[in-house]
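Step one of this worksheet: look at the structure below.
Here, residue 1 is the first one in the sequence, and each next residue gets the next number.
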Amino acid sequence: MRMAGFFTNAMLVGRTRAPGIDSLTQHEAVLDALGGLAVPIIADVECGHVPPYMPLVNGAHGHVVYTEHRNELTQALT
């Protein structure tokens, strides 16, 4: 997927209940897998398999605002 240009803007990573292991936390695993993409990574997003299950629409275009005082994701079906 990287070679096809899917990871060019940013990565959103949902929260998980899965435990880390002694030598690798969940956040370290994400950085190991995605850190070389040279894009911003926002972790612990409230989507995926942990409530409150914010739906992300496959194929939708999204606009993310992530600052100290504002966190927002807007999706557009175009």
Within one Ile-Leu-Val-Met-Phe-Trp-Tyr cluster: [X] and [Y], side-chain cutoff 4.5 Å:
X: Ile41; Y: Phe7; result: yes
X: Val50; Y: Val45; result: no
X: Met54; Y: Val13; result: no
X: Tyr66; Y: Val39; result: no
X: Leu31; Y: Leu37; result: yes

If I compare all heavy atoms of [X] with all of [Y], which pair ends up nearest, and what's the gap?
X: Pro19; Y: Gln26; answer: O-NE2, 3.1 Å
X: Gln75; Y: Ala60; answer: OE1-CB, 4.1 Å
X: Pro52; Y: Arg15; answer: CD-NH2, 3.4 Å

For the atom pair [atom1] ([X]) and [atom2] ([Y]), what is the distance rounded to the nearest 0.5 Å?
X: Arg70; Y: Thr67; atom1: CZ; atom2: OG1; value: 7.0 Å
X: Glu72; Y: His63; atom1: CD; atom2: NE2; value: 7.0 Å
X: Asp44; Y: Leu12; atom1: CG; atom2: CG; value: 11.5 Å

Give the C-alpha distance, both sets of side-chain angles, the deciding distance and a yes or no for side-chain contact (heavy atoms from CB on, under 4.5 Å) between Leu56 and Leu73. CA-CA 9 Å; Leu56 298 179; Leu73 168 64; 3.1 Å; yes
